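I have placed the structure first, in the form of structure tokens, so that the comments after it can refer back to it.
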Amino acid sequence: MTAAPVPSLVAFDLDDTLAPSKSPLPDAVADLLLELLRRVQVCVISGGQYGQFRTQVLDRLEARGLTPELAERLHLMPTCGTTYYRWDGHGFDQVYAHTLTATERDAALAALETEAMRLGLWETETWGPVLEDRGTQITFSALGQAAPVEAKTAWDPTGERKAALRDAVAPLLPDLEVRSGGSTSIDVTRKGVDKAYGMTELASLAGVALDDMLFVGDRLDEGGNDRPVLDLGVRCHAVEGWEDTADYLTGLLPTLPEPTLPEPTLPAVTPSAPA
């Protein structure tokens with residue numbers, strides 16, 4: 001760490017990086033993120049929509065002492081960077097959203113369902129809907145959005161089933177981006193809009209060069225949804241779960257500049273939901 005450039009901004013994937021899939025941040029991670037925000041800017045970029053960021057990230061940071069000053073340093077990029085939220089002094093407001101057209105959404109939903117059924121990947125016993133229209137992104141979740149971590153891990157331990165579905169759907173949607181998402185999911189967005197796009201936009205919006213960023217994620221492998229960030233040339237660190245991230249941040253924090261903001265204090269600020 002001592003030989004590496006000191007980052008001005010640290011970005012994170014969410015599920016299986018900062019928290020177990022679809023679960024709130026553990027206290028240890030929330031406290032480490034607040035300590036990180038005292039030193040540098042922080043971004044969370046993941047496939048979930050804003051509501052997921054609210055329950056998994058913001059509610060937990062607020063409960064641990066998020067202040068308006070710290071919130072000003074926090075960047076939120078739901079649906080893989082197809083949307084962007086920033087603190088406006090009162091709450092987290094939407095800065096942009098690359099919304100799919102009705103035709104694009106219908107085509108993506110139809111292709112995912114048809115190919116999943118053809119490949120025998122359409123499960124009948126799920127934890128919630130298999131297909132979700134997130135406005136800027138269509139997501140296929142083989143076991144539903146609320147599936148427990150153990151079930152999702154067991155469904156496709158090698159990633160072969162998910163890769164087969166992605167490879168079958170992509171040719172049917174040549175004008176859209178089709179990529180692997182989480183452990184059981186496929187995401188469809190506008191062409192060229194992925195986490196690399198989000199990080200490039202972030203560089204402009206946050207005023208931080210890509211060379212001055214550090215990205216932490218669990219899917220930096222070939223075909224993983226974090227891989228575009230590595231291919232973009234951003235310095236990356238691979239983790240295998242939130243515990244690994246917590247250990248890494250514990251080692252990273254002492255190498256960063258001294259805090260320029262005071263320690264979080266309770267009661268926490270409660271930002272309003274976006275309009």
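Only heavy atoms go into these numbers, but all of them, side chains included; no hydrogens, no water, no symmetry mates. Because the structure is a prediction, the values reported are computed rather than measured.
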Ala30 versus Leu61, closest heavy-atom pair with distance: O-CD2, 3.7 Å
Chi angles and distances behind the side chain to side chain contact (heavy atoms under 4.5 Å, CB included) call for Thr136, Leu100: CA-CA 5 Å; Thr136 57; Leu100 296 169; 5.8 Å; no
Please table the atom pairs, donor to acceptor, closer than 3.5 Å between any side-chain atom in residues 31-44 and protein atoms at least two apart or in another chain.
from: Asp31; atom 1: OD1; to: Arg64; atom 2: NE; distance (Å): 2.9
from: Asp31; atom 1: OD1; to: Arg64; atom 2: NH2; distance (Å): 3.4
from: Asp31; atom 1: OD2; to: Arg64; atom 2: NH2; distance (Å): 2.8
from: Glu35; atom 1: OE1; to: Arg38; atom 2: NH1; distance (Å): 3.1
from: Glu35; atom 1: OE2; to: Arg38; atom 2: NH1; distance (Å): 3.0
from: Glu35; atom 1: OE2; to: Arg39; atom 2: NH1; distance (Å): 2.3
from: Glu35; atom 1: OE2; to: Arg39; atom 2: NH2; distance (Å): 3.4
from: Arg38; atom 1: NE; to: Leu261; atom 2: O; distance (Å): 2.8
from: Arg38; atom 1: NE; to: Pro262; atom 2: O; distance (Å): 3.4
from: Arg38; atom 1: NH2; to: Leu261; atom 2: O; distance (Å): 3.2
from: Arg39; atom 1: NE; to: Pro257; atom 2: O; distance (Å): 3.4
from: Arg39; atom 1: NH1; to: Glu35; atom 2: O; distance (Å): 3.3
from: Gln41; atom 1: OE1; to: His75; atom 2: NE2; distance (Å): 2.6

Pair Asp88 + Arg86, salt bridge at N-O below 4.0 Å: no
Flag side-chain contact, heavy atom, 4.5 Å: Val188 against Leu109: no
Would you be so kind as to tabulate the donor-acceptor pairs closer than 3.5 Å made by side chains of residues 192-211, with sequence neighbours excluded?
from: Asp194; atom 1: OD1; to: Ala196; atom 2: N; distance (Å): 3.0
from: Asp194; atom 1: OD1; to: Tyr197; atom 2: N; distance (Å): 3.0
from: Lys195; atom 1: NZ; to: Asp13; atom 2: OD1; distance (Å): 3.0
from: Lys195; atom 1: NZ; to: Asp226; atom 2: OD1; distance (Å): 2.6
from: Tyr197; atom 1: OH; to: His98; atom 2: NE2; distance (Å): 2.7
from: Thr200; atom 1: OG1; to: Ala196; atom 2: O; distance (Å): 2.9

Where Gly120 and Arg161 come nearest, the two heavy atoms and their spacing: O-NH2, 4.0 Å
Pairs satisfying salt bridge (Lys or Arg N to Asp or Glu O under 4.0 Å), at least one member in residues 65-77, at least two apart: none
Interatomic distance, Trp87 atom CH2 to Leu58 atom CG [nearest 0.5 angstrom]: 9.5 Å
Pro24 side chain near Asp59 side chain, heavy-atom distance below 4.5 Å: no
Under 3.5 Å donor-acceptor, Thr245 side chain and Thr17 backbone: yes
Tyr248 ring center within less than 6.0 Å of His237 ring center: yes
Pairs where residues 168-180 contributes a residue and the test salt bridge (Lys or Arg N to Asp or Glu O under 4.0 Å) is met, not counting sequence neighbours: none
Any Phe92 side-chain heavy atom under 4.5 Å of Tyr50 side chain: yes
Criterion side chain to side chain contact (heavy atoms under 4.5 Å, CB included) on Val149 and Thr153, from CA distance to verdict: CA-CA 6 Å; Val149 174; Thr153 300; 4.0 Å; yes
Under 3.5 Å: donor-acceptor pair, side chain of Thr250, backbone of Ala246: yes
Within one Ile-Leu-Val-Met-Phe-Trp-Tyr cluster: Leu252 and Val229, side-chain cutoff 4.5 Å: no
Which atom of Leu66 lies closest to which atom of Ala71, heavy atoms considered: CD1-N, 3.9 Å
Intermediate values then yes/no, side chain to side chain contact (heavy atoms under 4.5 Å, CB included), Ser180 and Arg219: CA-CA 10 Å; Ser180 172; Arg219 294 298 315 281; 3.9 Å; yes
Leu230/Phe215 under side chain to side chain contact (heavy atoms under 4.5 Å, CB included): CA gap, chis, key distance, verdict: CA-CA 8 Å; Leu230 180 63; Phe215 178 83; over 6 Å; no
Set of residues satisfying salt bridge (Lys or Arg N to Asp or Glu O under 4.0 Å) with respect to Asp244, sequence neighbours excluded: none
Taking every non-hydrogen atom, the tightest pair across Pro7 and Met213: CB-C, 4.4 Å
Single-linkage hydrophobic cluster Tyr85~Tyr96, side-chain heavy atoms < 4.5 angstrom: no
Partners meeting side chain to side chain contact (heavy atoms under 4.5 Å, CB included) with Ala163 (sequence neighbours left out): none
Expected output: side-chain Glu123 to main-chain Ala142 donor-acceptor under 3.5 Å: no
Atom pair CG/CG of Leu14 and Leu25 - distance to nearest 0.5 Å: 6.5 Å
Thr82 vs Thr99 side-chain heavy atoms within contact, under 4.5 Å: no
Flag, side chain of Arg235 to backbone of Pro5, donor-acceptor distance under 3.5 Å: yes
side-chain hydrogen bond (donor to acceptor under 3.5 Å, both in side chains) contacts touching residues 104-116 (sequence neighbours left out): Thr101-Glu104, Glu104-Arg190, Arg105-Asp133, Glu115-Arg118
Exercise: identify the closest heavy-atom pair between Gly65 and Leu70: O-CD1, 4.4 Å
Atom pair CD1/OG of Ile138 and Ser185 - distance to nearest 0.5 Å: 13.0 Å
Closest non-hydrogen atom pair between Gly144 and Thr126, with its separation: N-CB, 4.1 Å
Listed partners of Glu258 passing side chain to side chain donor-acceptor pair (under 3.5 Å), at least two apart: none
Test item: Asp218 side-chain N/O and Glu240 main-chain N/O as donor-acceptor pair under 3.5 Å: no
Verify same cluster id: Leu253, Val239 (apolar side-chain graph, 4.5 Å): yes
Beyond-backbone contact of Thr189 with Leu176, side-chain heavy atoms, under 4.5 angstrom: no
Contact check, side chains of Val130 and Leu143, non-hydrogen atoms, under 4.5 Å: no
Student check: side-chain heavy atoms of Leu131 and Leu112 closer than 4.5 Å: yes
Flag side-chain contact, heavy atom, 4.5 Å: Leu18 against Trp242: no
Residues that Lys162 engages under salt bridge (Lys or Arg N to Asp or Glu O under 4.0 Å), provided they are two or more places apart: none
Which residues share a salt bridge (Lys or Arg N to Asp or Glu O under 4.0 Å) with Glu222, sequence neighbours left out: Arg227
Qualifying ring-ring contact (aromatic ring centres under 6.0 Å, His included) pairs with a residue from residues 117-152, counting only residues at least two apart or across chains: none
Reported OG1-to-CG distance for the pair Thr139 and Asp187, which is rounded to 0.5 angstrom: 4.0 Å
Qualifying ring-ring contact (aromatic ring centres under 6.0 Å, His included) pairs, either residue in residues 6-26, two or more places apart: none
Inter-residue atom distance Ser141.OG - Ile186.CD1, 0.5 Å rounding: 9.5 Å
Donor-acceptor under 3.5 Å (Arg134 side chain, Pro78 main chain): no
